[in-house]
Amino acid sequence: ITVGPDTSPLTIQLEAQTLALEGLTVTSQKRVQEVQEIPAAVSSYEGDFLDDIGVQQFDRFSDFVPGLQVQIQSPNNPGFVVRGITSDDGDARVQPRVSVYQNGVSISKSRGSVVELYDLERVEVLKGPQGTLFGRGAQIGAVHIIQNKAQNETSARLEVGTGNYGERFATGHVNVPLVDDQLFGRVAAYYQKRDGYLENRTGDDLNGKETFAIRGLTRWLPTPTTVVDAIVN
C-alpha cells in the first residue's frame with residue numbers, strides 16, 4: 001500500500017519558524033553585554049524611547065522605572081528613592097546611598113546630580129548594592145546616564161514646542177565629521193522656560209522654570225582599536 005501526502009483541504013501544514021528577540025545592550029558592568037547576561041536587577045531605557053514619551057527630567061523619568069522615584073524638591077535638593085530607601089541629604093560630608101553617573105563619571109553629590117535628559121543614548125538603573133562597579137555610595141542602587149557621542153556622520157535635529165503657563169521649549173543637536181574617519185564633533189542643546197503656577201504675594205509666581213543646557217562632544221579614533229571621547233556639559 002502506498003501512502004502519499006494528505007492534500008485534502010482540511011489539512012493545514014504549519015512551517016516551523018524560529019523567532020528571536022533582539023537583546024538589549026547595556027554597559028552596566030563596564031563592558032558591552034546583553035541585559036539578560038547581567039546577574040542584577042537592571043532597567044534600561046533607550047534615548048529614542050524617552051524622546052517619544054516626552055521625558056526630559058529625572059522625576060518624569062522615574063515614573064516609568066519600577067522601584068525608582070526621583071523627588072526634585074529643587075535642583076539643589078533632589079531625592080532618589082530606590083526600593084523605598086531614600087537618599088536626599090545634601091551635606092557634603094554625607095555619602096549618598098544612590099550613585100548617579102554620567103558617561104562613567106560620578107555626579108552623585110546631591111547638589112550636582114540633577115541634569116536634563118536630552119540627546120541620550122540610554123539611561124540604566126541598577127537596583128540593589130552596586131559598590132563594586134559604582135563606588136561605596138551605591139548602597140541601594142545606581143543610575144547611569146549615557147549621552148550620545150559624536151559619530152562619523154552629518155546629521156541635525158531640532159524640536160520646538162509650547163505649552164500652558166507660557167512654556168517655550170527647544171532641543172536638538174548638530175553632528176559633523178571634522179576629519180574623515182578620524183575626528184567627529186557634536187553639539188547638543190536644551191532650553192525650557194515656563195512661568196510659575198502658585199500664587200506668590202511677594203513676587204513672581206512659584207514653581208516656574210528656566211533652564212538652558214549645552215553639551216559639546218568630540219570623538220577621536222587615533223587607531224582602529226582606540227576611541228577617545230571628550231565631553232563638556
Checklist line | Closest contact, heavy atoms only, Ser108 versus Ser99 | finding: OG-CA, 3.4 Å
Check: Can Leu117 be reached from Ile214 by stepping across I, L, V, M, F, W or Y side chains whose heavy atoms are under 4.5 Å apart?
Finding: no
Note to self: If I compare all heavy atoms of Ser113 with all of Pro78, which pair ends up nearest, and what's the gap?
What the structure shows: OG-CG, 3.6 Å
Note to self: Tell me every residue that passes side chain to side chain contact (heavy atoms under 4.5 Å, CB included) with Ile107, counting only those two or more places apart in sequence or in another chain.
What the structure shows: Val100, Gln102, Val115
Notebook entry, point to check: Can you list the residues that meet the ring pair (Phe, Tyr, Trp, His ring centres under 6.0 Å) rule with Phe64, with sequence neighbours excluded?
Noted result: none
Next item on the list: Could you tell me whether Asp229 and Arg219 make a salt bridge, using a distance below 4.0 angstrom between a side-chain N and a carboxylate O?
Entry: yes
Next item on the list: Linking directly or through intermediates, with side-chain heavy atoms under 4.5 Å: list the remaining ILVMFWY members grouped with Leu198, chain and number order.
Entry: Tyr165, Tyr197, Leu206
Next item on the list: Give the other cluster members for Leu158, using side-chain heavy-atom distances under 4.5 Å between Ile, Leu, Val, Met, Phe, Trp and Tyr residues; answer none if it is isolated.
Entry: Val160
Checklist line | Heavy-atom donor-acceptor pair, Thr162 side chain to Glu167 backbone, under 3.5 Å | finding: yes
Next item on the list: Tell me, please, which residues at least two apart from Phe212 pass ring pair (Phe, Tyr, Trp, His ring centres under 6.0 Å).
Entry: none
Note to self: Can you list, by chain and residue number, the hydrophobic cluster partners of Val176 when the side-chain cut-off is 4.5 Å?
What the structure shows: Val174, Leu178, Val179, Leu183, Trp220, Val228
Notebook entry, point to check: Around atom CG of Asp52, are there more than 12 heavy atoms of other residues, nucleotides or ligands at under 6.0 Å?
Noted result: yes
Notebook entry, point to check: Does some side-chain heavy atom of Arg215 sit less than 4.5 Å from a side-chain heavy atom of Val232?
Noted result: no
Checklist line | Which residues share a side-chain hydrogen bond (donor to acceptor under 3.5 Å, both in side chains) with Gln182, sequence neighbours left out | finding: none
Margin query: Under 4.0 Å between a side-chain nitrogen and a carboxylate oxygen: does that hold for Glu210 and Lys193?
Written below: yes
Notebook entry, point to check: Any luck finding a side-chain donor-acceptor pair between Arg194 and Asn164 under 3.5 Å?
Noted result: yes
Next item on the list: Report the distance from atom CG of Leu120 to atom CG of Leu50, rounding to the nearest 0.5 Å.
Entry: 6.5 Å
Check: When clusters are formed by joining ILVMFWY residues with side-chain heavy atoms under 4.5 Å apart, either directly or through shared neighbours, do Tyr101 and Val81 land in the same one?
Finding: no
Check: Quick one: are Phe61 and Val70 in side-chain contact, heavy atoms under 4.5 Å?
Finding: no
Notebook entry, point to check: Between the main-chain N or O of Ala189 and the side-chain N or O of Thr171, is there a donor-acceptor pair closer than 3.5 Å?
Noted result: yes
Margin query: Nearest 0.5 Å, please: how far is CD in Glu46 from CG in Asp51?
Written below: 11.0 Å
Checklist line | Residues that Gln69 engages under side-chain hydrogen bond (donor to acceptor under 3.5 Å, both in side chains), provided they are two or more places apart | finding: none
Notebook entry, point to check: What distance separates Glu121 CD from Ser44 OG, expressed to the nearest 0.5 Å?
Noted result: 9.0 Å
Note to self: Checking one residue: Leu217. Which other hydrophobic residues are in its cluster under the side-chain 4.5 Å linking rule?
What the structure shows: Ile231
Next item on the list: Go through Asp119 and Arg186 one step at a time and tell me if the side chain to side chain contact (heavy atoms under 4.5 Å, CB included) criterion holds.
Entry: CA-CA 11 Å; Asp119 196 37; Arg186 186 184 187 98; 2.9 Å; yes
Next item on the list: Please name all residues satisfying side-chain hydrogen bond (donor to acceptor under 3.5 Å, both in side chains) with Asp48, sequence neighbours left out, ordered by chain then number.
Entry: none
Next item on the list: Could you list all the side-chain hydrogen bond (donor to acceptor under 3.5 Å, both in side chains) pairs where at least one residue sits in residues 55-65, not counting sequence neighbours?
Entry: Gln57-Lys209
Margin query: Show the nearest heavy-atom pair for residues Val82 and Lys127, with the distance to one decimal.
Written below: CG1-CG, 4.0 Å
Item checked: Where Leu221 and Asp181 come nearest, the two heavy atoms and their spacing -> CD1-O, 4.1 Å
Next item on the list: I would like to know whether Phe58 and Ile145 meet side chain to side chain contact (heavy atoms under 4.5 Å, CB included); could you show each step before the answer?
Entry: CA-CA 11 Å; Phe58 254 131; Ile145 307 163; 3.4 Å; yes
Check: For Gln147, does its backbone N or O pair with a side-chain atom of Asn103 as donor and acceptor, under 3.5 Å?
Finding: yes
Item checked: Pairs touching residues 166-191 that satisfy ring pair (Phe, Tyr, Trp, His ring centres under 6.0 Å), sequence neighbours left out -> Tyr118-Tyr190, Phe169-Tyr190
